[in-house]
Amino acid sequence: MKLATLLLAGTALACLPQVALAQSSVPAPEAAVEPEGKADAADIIVTGTARPERRLTTSISISAVDSQEIAKLAPMGSADLLRNIPGLRAESSGGESNANIAVRGLPAASGGGKFVQFQEDGLPVLDFGDIAFATADTFVRPDYSVSRVEVVRGGSASTFTSNAPGAIINFISKTGDVAGGTVGITKGLDFNRTRIDADYGAPLGEGWRFHVGGFYRVGNGVRNADYTSERGGQIKGNVTKTFANGFIRLNFKYLDDRSPIYVPTPIRVTGTAANPTYASFPGFDVRSGTSLSPYFRSDIAIGSGGQRIVSDLGDGYRVKTRGGGADASFDLGGGWHIEDKFNVASNSGSFATSYPGRVAPLTTLMSEIGGVGATLRYANGPNAGQVIANPAGLNGNGLGINALTFGVTLNDFTNATNILTLNRDFSAGGGTGNVTAGYFKSYQAIQMDWHWNSYLQEVKGRDAALLNVYNAAGQSVTQNGLIAYGEPVFGNCCQRYYNVDYNIDAPYLAVSYKIGKLNLDGSVRFNSSRASGYYASNNGLSVVDVNQDGIIQTPERSVPVVNPQASSPVNYRKNYFTYSVGANYEVMPSLALFARVSRGARFNADRILFGGGVRADGSVADEVAVNFVNQQEAGIKFRRGVAYVNLTAFRATTAEANEIVIPQQAIINNKYRSYGVEFEGGVDRGIFHLTAGATYTHARITESQVTPALNGNIPYRQAALIFQATPSIRTDRFDIGANVTGTTSSYAADVNTLKMPGYVMTNAFASYAITPAIRLSVNVQNLFDVIAITEVGQVPDSVPTDGIDTARAFPGRNISATATLRF
């Protein structure tokens, strides 16, 4: 890959001579700007705009969460805190990453956040938010280095970046403006985790300042795997040199982390599809149980080209990032301002967990695997080799799991991005304005190897063992719990390899104009996106001595192998425009009305490779390659003294071409429409503080080319109402409160039969300042230990006749304590 074109502008800017600062110059994001009227730093936003703006006077919907609020929420991962942003549906029940994120009714059919972009300091973490097994939130970790998180929903997200018409989620770093730092130690009180966070920054004199921060965490996780399933951390830093007319900043990030992946687990479903009851099986509590086990760690698979791959399921989600970049911003005089920012990040890792491909009575599974007269023994664990005399009564549930090792090697996910902008203030017609021209250049590598296997495991909430099946002749038909190489239960769909590069060139133009109380702005973006590379799936079953013991055992007679020499090409480029136009009228200093019309787009990446969307020559039809999103929104913003209220009505239409692999393999090609109302508000009165939000969404599938019977149905997992509230009482000494999030019921599948119940989940927090520098705090997640279901897996469209299903749920109640020292 050639990075010269990405770095050239940044290198040139670093060498700019110092020039005089014009009085009419545009303030850089670093500048302390006091907008018209009373405002504090929290009123200034920098995401989705050409220049820093007051939230009240912009025509976009934007929310911000500062470092103090992040500490209260104690998010397990970056998606956890997004549950508190109106308009976002963040299903963060899978652990610290790999969350599903939808915005204002836009679909999240295949997992991840298709129409969402995670950014750090205004640059994308990955160019696509829904890469299979490598969602963008995976490579972002909130810690003390974060100053605030800004979230733009709809609107200018269509034009101020590529592939994020739904939302931009921007993690903004501290830069050492004020000397000081914090060290915090967090300990799980009823679960095994210890985490250390620290940061420090300060001015160094002569225009220099720096900031560095990070964390390290180790433990067994909130669902006790009985081994160290959490291990790793990150360190981030930056150094800034300010001049009379601007600044240059260099930054770096090092992330190396392992975290468990929480997938759907066995659950009992009874009642009717319209009014089902979800409950835990004996021996497996859906709030605390996990199939992760010290007895199910090692997996040997055949990867692309026939090489042996040995995986440790204890690594879970292993992610590594080594990146760095720079930001240079200068006023050139005469109202001109130039900025260039770039970042290059080498991202890689692996994804390994145990997924329930099927849950069924052990008597059924053993007969299917071993035939009539089959018997069962423990393959490992403390009872290894012992015969299970009564499989129907094992663990009080008599169930077994056809456990799939979702083994995926994330070989190369390098992202390199450069954004160059030039803008100028102007005066005309009695008003003032700004024009901005920008050029966005990005490269994204996606190279991964899927190698799944199938095992038989008991249903037990902790320390589950693998099981061996013996036929009537007493011969083992499994291999240390291994049923088969590959995943026959899914038709061996998922032995895959692909190596595709994605390049994006996107010039854009933005103009804003203010006359009196009226603010007008518009922007247009030309996207030229290209995909090139190849992909391959398994080409049949082969006989392979996988464990190299010289004996061909039963599972080794049918091994799916991917042959890269039989790969298919990927070669498509699409050029398209997006635009956004908005207006804001400031009725009074505390009240404004706004409206916006936008057309955004999402260039489809790896999700269309195996769904039949790529032609034999590597080309892709326009409607498959790019999904457009048309949005309209209008609202009111109020901010006066101790209170603020934002109320927004929205409408969006889009199409989606995609492949769903889990929980059931399917190809979708649907059109969607949604509309609704979004509320956000807060009040600070004396010691009482409250922030709250709610979103009503009416979403429908308007046309399904694959399954016309779905026309008019509600997209699966889309609730009509989601809501959140955080009341607290705060003094100089103590802070006590709760964070309440909830949702009404939704459907488990697009066919709209089986419902998932709504829930209200309460997290409580309290802190006490022993001294001005030392504070102790306690955080309780899921205080009332509710069962909060976010996904149904095995049978998502009906109540199973035997009551056996799988579902993903938020962890039950867990408590942690933190001691912090500020200095």
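Note: hydrogens, waters and symmetry copies are ignored here, and every other heavy atom, side chains too, is used.
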Without hydrogens or angle criteria, can the side chains of [X] and [Y] be said to hold a donor-acceptor pair below 3.5 Å?
X	Y	answer
Asp617	Ser619	yes
Asn646	Ser61	no
Thr436	Asn434	yes
Thr135	Thr138	yes

[atom1]/[X] to [atom2]/[Y] distance, rounded to the nearest 0.5 angstrom?
X	Y	atom1	atom2	value
Ser173	Asp327	OG	CG	11.0 Å
Arg54	Lys637	CZ	NZ	10.5 Å
Lys253	Asn347	NZ	CG	7.5 Å
Gln705	Lys671	CD	NZ	6.5 Å
Thr653	Arg700	OG1	CZ	15.5 Å
Tyr513	Ser427	OH	OG	8.5 Å

Is the Lys NZ or Arg CZ of Arg607 less than 6.0 Å from the centre of Phe128's six-membered ring, within 45° of the axis?
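Checked: cation-pi criterion not met.
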Can a cation-pi geometry be assigned to Arg599 and Phe628, taking NZ or CZ under 6.0 Å from the six-membered ring centre and within 45° of the ring axis?
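Yes, Arg599 and Phe628 form such a contact.
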Does Tyr572 have any ring pair (Phe, Tyr, Trp, His ring centres under 6.0 Å) partners at least two apart in sequence or in another chain, and if so, which?
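If we apply the ring pair (Phe, Tyr, Trp, His ring centres under 6.0 Å) test to Tyr572, skipping adjacent residues, the hits are Phe603.
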Can you name the residues that form a ring pair (Phe, Tyr, Trp, His ring centres under 6.0 Å) with Tyr497, not counting sequence neighbours?
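For Tyr497, no residue satisfies ring pair (Phe, Tyr, Trp, His ring centres under 6.0 Å) once neighbours in sequence are set aside.
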Checking side-chain hydrogen bond (donor to acceptor under 3.5 Å, both in side chains) against Ser442, which of Asp505, Asn418, Thr417 comes through?
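One option only clears the test, and that one is Thr417.
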Option passing side-chain hydrogen bond (donor to acceptor under 3.5 Å, both in side chains) with Ser162 (candidates Asn527, Asp127, Thr578):
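So, applying the side-chain hydrogen bond (donor to acceptor under 3.5 Å, both in side chains) to Ser162 and each of Asn527, Asp127, Thr578, only Asn527 qualifies.
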Hey, do the aromatic rings of Tyr498 and Phe610 have their centres closer than 6.0 Å?
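Judged by ring-centre distance (under 6.0 Å), Tyr498 and Phe610 do meet the cut-off.
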If you apply the rule ring-ring contact (aromatic ring centres under 6.0 Å, His included), what do you find for Tyr508 with Phe440, and how did you get there?
CA-CA 8 Å; Tyr508 59 95; Phe440 175 100; 7.9 Å; no
